[in-house]
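Worksheet: one structure, shown below.
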Amino acid sequence: MPLTLKRQNNIAIVTIDNPPVNAASHAVRQGLLDVVQETERDPTVQAVLLTCAGRTFVAGADIREFGKPPVEPHLPDVLRLIETAQTPWVAVLHGSVLGGGLELAMACRYRVANAGAQLGLPEVNLGLIPGAGGTVQLPRLVSAELALDMVAGGKPISAKAALHAGLIDALTEGALTPFALSFIDNLASHPVRPSTLDKAVNLPVDQAAFDEKVAKVTARAKGQKSPVAAAQAISKGFNLTVEEALQQERETFLKLKDDPQSAALRHIFFAERGTISLERLKGQKLAQIQTVGVVGGGTMGAGIAAACLLRGVSVVLVERDDDAAQAGFKRTADILAGSLSRGLVSQQKHDKMLDSFTVSANYAAFAHADLVIEAVFENFEVKAEVFSKIEAVVRPDAIIASNTSYLDVNALSQTLKHSSRAIGLHFFSPAHIMKLLEIVVPDTVSDEVLASCVAFGRQLGKICVLAGVCDGFIANRIMSAYRRECEYMLEDGALPWEIDEAMLAFGMPMGIYQMQDLAGLDIAWAMRKRQAAERKSDERYVDIADKLCEMGRFGQKSGRGWYIYDGKSRKPDPEVQALILSESSRKGITRISFSPDQIMSRILGRMQTEGHAILNEGIAQRAEDIDVVMINAFGFPRWTGGPMFMEGLSGA
Ligand code: T1G
Ligand code: NAD
């Protein structure tokens with residue numbers, strides 16, 4: 001039984017212990033039901049103190065139970081009993097008080113927390129809305145505006161913000177249970193407050209402003225249903241009785257639970273948490289990585305340096321010369337200043353980061369580095385020279401990594417005397433924000449180095465995915481494949497802005513041509529030129545992108561690419577259209593029109609075909625990893641579950 005009940009004088013202390021996150025599984029619900037019935041029958045119980053063992057209070061309903069037939073008692077039924085109990089319940093909160101866990105806490109008459117607690121209703125991230133009363137309870141404890149943000153946005157708030165908002169009653173930096181017991185003692189001299197659902201709902205301070213917030217939620221949702229449903233549940237709830245509002249919420253919750261979007265979002269929830277399960281990594285001695293060296297202070301080097309500093313790792317950055325080193329310092333410091341100005345870090349933490357950050361033009365600065373990551377130009381010879389310079393100065397046990405986007409990490413490893421310490425750590429731009437880290441596994445890397453880099457990636461808060469060595473690994477290889485497919489469609493009849501529109505309508509954050517213009521057309525051009533020698537003669541090749549580069553059109557940075565840029569505005573360019581039409585006629589292709597669905601079906605088909613090739617070659621461990629990569633590298637819409645999950649769903 002994941003729940004114990006013990007008495008301390010006239011206080012009943014209930015402890016839930018259901019690792020890893022005390023999810024409100026069937027056994028926990030049954031246990032709570034038994035306790036509320038037992039304590040309601042016992043007049044000697046003055047109050048019930050509800051706490052959890054382990055690292056967190058209840059972090060929600062048990063998501064693993066969602067795909068199965070529901071088993072009684074259902075959470076809302078148990079919570080209503082606690083809500084209306086004669087004996088007041090006091091919830092004692094620590095860790096992640098989320099979803100059904102916060103609904104349980106709000107069903108208690110009082111809530112006390114420790115300073116580190118986070119409180120939220122993240123159900124929208126699983127394609128759901130709260131299903132045990134959260135949309136009705138919350139706007140009775142906090143303002144309508146905050147309730148909308150929390151339920152439709154899904155982001156948790158800190159215990160301090162929760163105290164300020166009226167969501168919790170008291171906060172402690174110290175030991176929680178003694179604090180809660182003395183809190184209960186103080187209650188004795190006060191009448192027990194009404195239950196949460198007996199409170200009047202807090203109406204919007206400014207209805208017009210509130211409606212505007214709801215409209216923004218709807219616009220931002222793009223194709224995802226749950227945020228819109230969450231906003232509707234809150235706004236409609238103002239004009240309903242408690243019973244009507246609870247029923248409305250439950251109906252919406254059950255409908256969304258059976259919606260493919262929720263199945264997709266639950267798939268990704270577990271896929272992102274199960275990316276690395278290699279036997280060879282278990283029990284490996286992990287290198288402690290406290291100081292990281294970075295070579296190259298450009299777009300990626302500065303981002304990687306900031307990503308490390310923001311997670312408390314010291315950084316030494318080396319550039320070609322002092323001017324370039326100072327430029328690298330400034331790029332990184334600008335990123336940290338941005339985090340400070342957005343209140344993501346305190347002044348104290350900001351200053352501490354700058355104190356643990358040094359730049360130099362001398363490789364000897366890496367003498368104490370535990371890991372050195374190169375992010376210099378995407379050229380094999382330049383990277384090989386940098387690798388040998390690093391190996392010449394670092395400790396024998398230091399790890400040497402490359403942030404290359406496409407190059408052969410096996411060949412690069414072999415340029416070292418000790419190739420077992422070489423690995424690929426492929427960050428995505430901007431490296432201090434993007435959650436994904438492709439860990440590229442060369443044939444000769446040691447298990448200890450690999451395991452240490454997985455741990456290091458998690459230390460940086462990254463979702464780590466293992467990738468084998470091939471051109472572009474998982475993300476860029478699939479991107480190259482569907483980019484080729486898009487170029488075939490350009491010759492066959494589509495236009496760049498039509499393809500981008502179709503991708504945006506599908507839910508991608510950006511079309512492929514807009515994305516290329518942002519990254520710069522020259523990087524891919526360099527890669528195509530390098531690949532030219534290996535290209536099969538019978539392989540279809542589209543020259544349009546090369547011709548744009550020969551015309552000096554490298555994208556936003558040159559004011560023209562696939563689009564024409566005038567300041568912030570981006571417009572289709574008749575010159576590009578003319579080039580595309582002339583290429584079709586030069587190749588004798590009769591152009592046809594493409595509907596958005598036809599465009600997306602070709603792109604998805606290509607992603608899935610390349611995904612299968614990657615799986616067959618063992619470049620990716622699982623199909624789920626490909627979904628995790630496409631969603632976290634390119635913003636493939638989460639509520640689809642990813643290209644491989646979609647194929648499973650639709651057989652597309
Ligand atoms: N159910 C089942 N398993 C869960 C779980 C949950 N709610 N939350 C986490 N796990 C597992 C996870 O798969 C992993 O397993 C392990 O716990 C550690 O998780 C009625 C309907 C709590 C902030 O959305 O956000 O309540 O891989 O690696 O980084 O209205 O987990 O070790 O086998 O993520 O420290 C709402 C989801 C549910 C919270 C901890 N609740 N969880 O993060 O560890 S819907 C949520 C999280 C609901 C009600 C509705 C995070 C965390 P394994 P982890 P972490
Ligand atoms: P960049 O041109 O912005 O920066 C490269 C930096 O390396 C420059 O500042 C240059 O001075 C420095 N450099 C070059 N040779 C050096 C040497 N011998 N010693 C020290 N410093 C040297 O390039 P970037 O966009 O940051 O890309 C860097 C690497 O990261 C490339 O391999 C690229 O493929 C890869 N990458 C890029 C992106 C992206 O979106 N830009 C994403 C992932 C990976």
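Remember, it's 1-based here, ligands and their atoms both numbered in the order they're listed. Computation of the quantities below employed the complete heavy-atom set of this structure, encompassing side-chain atoms and omitting hydrogens, waters and symmetry-equivalent molecules.
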Next on the checklist: Checking a contact table here: which protein heavy atom is nearest atom 15 (O) of ligand 1, and how many Å away?
Outcome noted: R64 NH2, 3.8 Å
Item to check | Minimum heavy-atom distance V124-S226, with the two atoms named | outcome: O-OG, 2.9 Å
Checklist entry - Does a side-chain N-to-carboxylate-O contact under 4.0 Å join K225 and D259? => result yes
Item to check | Minimal non-hydrogen separation, V217 against P227, with atom names | outcome: CG1-O, 3.6 Å
Item to check | atom 32 (O) of ligand 1: the protein heavy-atom neighbour that sits closest, reported with distance to 0.1 Å | outcome: P20 CG, 5.0 Å
Item to check | Those atoms of ligand 1 less than 4.0 Å from some heavy atom in F66 | outcome: 21 (C)
Using a 3.5 Å cut-off on N/O to N/O, what pairs does ligand 2 make with the protein? A line per pair would be great.
from: ligand 2; atom 1: 3 (O); to: T299; atom 2: N; distance (Å): 3.1
from: ligand 2; atom 1: 3 (O); to: T299; atom 2: OG1; distance (Å): 3.2
from: ligand 2; atom 1: 9 (O); to: E319; atom 2: OE2; distance (Å): 2.5
from: ligand 2; atom 1: 11 (O); to: E319; atom 2: OE1; distance (Å): 2.7
from: ligand 2; atom 1: 11 (O); to: E319; atom 2: OE2; distance (Å): 3.2
from: ligand 2; atom 1: 11 (O); to: R320; atom 2: NE; distance (Å): 2.9
from: ligand 2; atom 1: 11 (O); to: R320; atom 2: NH2; distance (Å): 3.1
from: ligand 2; atom 1: 19 (N); to: Y363; atom 2: OH; distance (Å): 3.1
from: ligand 2; atom 1: 21 (N); to: E319; atom 2: OE1; distance (Å): 3.4
from: ligand 2; atom 1: 26 (O); to: T299; atom 2: N; distance (Å): 3.3
from: ligand 2; atom 1: 26 (O); to: M300; atom 2: N; distance (Å): 2.8
from: ligand 2; atom 1: 30 (O); to: N403; atom 2: ND2; distance (Å): 2.9
from: ligand 2; atom 1: 32 (O); to: V376; atom 2: O; distance (Å): 3.3
from: ligand 2; atom 1: 32 (O); to: E378; atom 2: OE1; distance (Å): 2.5
from: ligand 2; atom 1: 32 (O); to: K383; atom 2: NZ; distance (Å): 2.7
from: ligand 2; atom 1: 34 (O); to: E378; atom 2: OE1; distance (Å): 2.9
from: ligand 2; atom 1: 34 (O); to: S405; atom 2: OG; distance (Å): 2.6
from: ligand 2; atom 1: 36 (N); to: S405; atom 2: OG; distance (Å): 3.1

Next on the checklist: So, 4.0 Å and heavy atoms of L98: is ligand 1 close enough to count as a contact?
Outcome noted: yes
Checklist entry - In terms of residue, atom name and distance, what is the protein heavy atom nearest to atom 2 (C) of ligand 1? => result D62 OD1, 3.2 Å
Item to check | Atom of I168, atom of A159 and distance for their closest heavy-atom approach | outcome: CD1-O, 3.5 Å
Item to check | ligand 1 atoms in contact with P130 (distance to a heavy atom under 4.0 Å) | outcome: 30 (O)
Checklist entry - Which residue supplies the protein heavy atom nearest to atom 40 (C) of ligand 1, what is that atom called, and how far is it? => result V21 CG1, 4.4 Å
Checklist entry - Is the shortest distance from a heavy atom of G134 to ligand 1 less than 4.0 Å? => result no
Checklist entry - Hey, are the side chains of F554 and W525 touching, using non-hydrogen atoms and a 4.5 Å cut-off? => result yes
Item to check | Considering all heavy atoms, the nearest A401-L371 contact | outcome: CB-CD1, 4.0 Å
Next on the checklist: Before you tell me yes or no, could you show the steps for E438 and N476 under side chain to side chain donor-acceptor pair (under 3.5 Å), namely the whole-Å CA-CA distance, both residues' side-chain angles and the distance that decides it to 0.1 Å?
Outcome noted: CA-CA 10 Å; E438 262 183 339; N476 286 335; 5.7 Å; no
Next on the checklist: With a 4.0 Å cut-off on N to O distance, would you call R80 and E83 a salt bridge?
Outcome noted: yes
Checklist entry - Backbone or side chain, does any N or O of A23 fall under 3.5 Å from an N or O of ligand 1? => result no
Item to check | Carboxylate-amine/guanidinium proximity below 4.0 Å for K557 and D517 | outcome: no
Next on the checklist: Is there a polar contact between ligand 1 and G131, counting only N or O atoms under 3.5 Å apart?
Outcome noted: yes
Item to check | Subset of ligand 1 atoms that lie under 4.0 Å from at least one heavy atom of E103 | outcome: 20 (C), 30 (O), 49 (C)
Checklist entry - Counting each atom of ligand 1 from 1 as listed, which ones have a heavy atom of F270 under 4.0 Å away? => result 13 (O)
Checklist outcome for this item: atom 54 (P) of ligand 1: closest protein heavy atom, distance to 0.1 Å, is R273 NE, 3.6 Å
Checklist entry - Is the shortest distance from a Lys or Arg side-chain nitrogen in R29 or E65 to a carboxylate oxygen in the other one below 4.0 Å? => result yes
Checklist entry - So, D334 and R331, do they make that salt bridge, N to O below 4.0 Å? => result no
Checklist entry - Out of L126, I63, T275, N125, whose heavy atom sits nearest atom 1 (N) of ligand 1? => result I63
Checklist entry - Does atom 43 (O) of ligand 1 have a protein non-hydrogen atom under 4.0 Å from it? => result no
Item to check | Modelled atom types, side-chain donor and acceptor of Q137 and T196, under 3.5 Å | outcome: no
Item to check | E251 side chain to Q247 side chain, donor-acceptor N/O pair below 3.5 angstrom | outcome: yes
Checklist outcome for this item: Here the atoms of ligand 1 under 4.0 Å from any heavy atom belonging to R55 are 18 (C), 35 (O), 44 (O), 55 (P)
Checklist entry - Can you find an N or O of A59 that's nearer than 3.5 Å to an N or O of ligand 1? => result yes
Checklist entry - Parallel, tilted or perpendicular: which describes the rings of F645 and H267, with under 30° parallel and over 60° perpendicular? => result parallel
Checklist entry - With a distance cut-off below 6.0 Å to the six-membered ring centre and an angular limit of 45° from the axis, does R273 pair with F269 as a cation-pi contact? => result yes
Checklist entry - How far apart are the closest heavy atoms of L521 and G555, and which atoms are they? => result CG-N, 4.1 Å
Next on the checklist: As a check for students: among E272, E123, R458, identify the option with a heavy atom nearest to atom 45 (S) of ligand 1.
Outcome noted: E123
Next on the checklist: Only heavy atoms of G60, strictly under 4.0 Å: list the atoms of ligand 1 that pass.
Outcome noted: 26 (O), 41 (N)
Checklist entry - For ligand 1, is there an N or O atom under 3.5 Å from any N or O atom of S96? => result no
Next on the checklist: Classify the ring geometry of F428 against H426: parallel below 30°, tilted from 30° to 60°, perpendicular beyond 60°.
Outcome noted: tilted
Checklist entry - With a 4.0 Å cut-off, strictly under, does atom 29 (O) of ligand 1 pick up any protein heavy atom? => result no
Item to check | Numbered atoms and elements of ligand 1 in range of F253, under 4.0 angstrom, heavy atoms | outcome: 21 (C)
Next on the checklist: Using every non-hydrogen atom in the two residues, find where A398 and A369 come nearest and quote the distance to one decimal.
Outcome noted: CB-O, 3.6 Å
Checklist entry - Short list, please: which atoms of ligand 1 are under 4.0 Å from a heavy atom of G99? => result 26 (O), 36 (C)
Next on the checklist: Are any of the N/O atoms on A61, whether in the backbone or the side chain, positioned under 3.5 angstrom from an N/O atom of ligand 1?
Outcome noted: yes
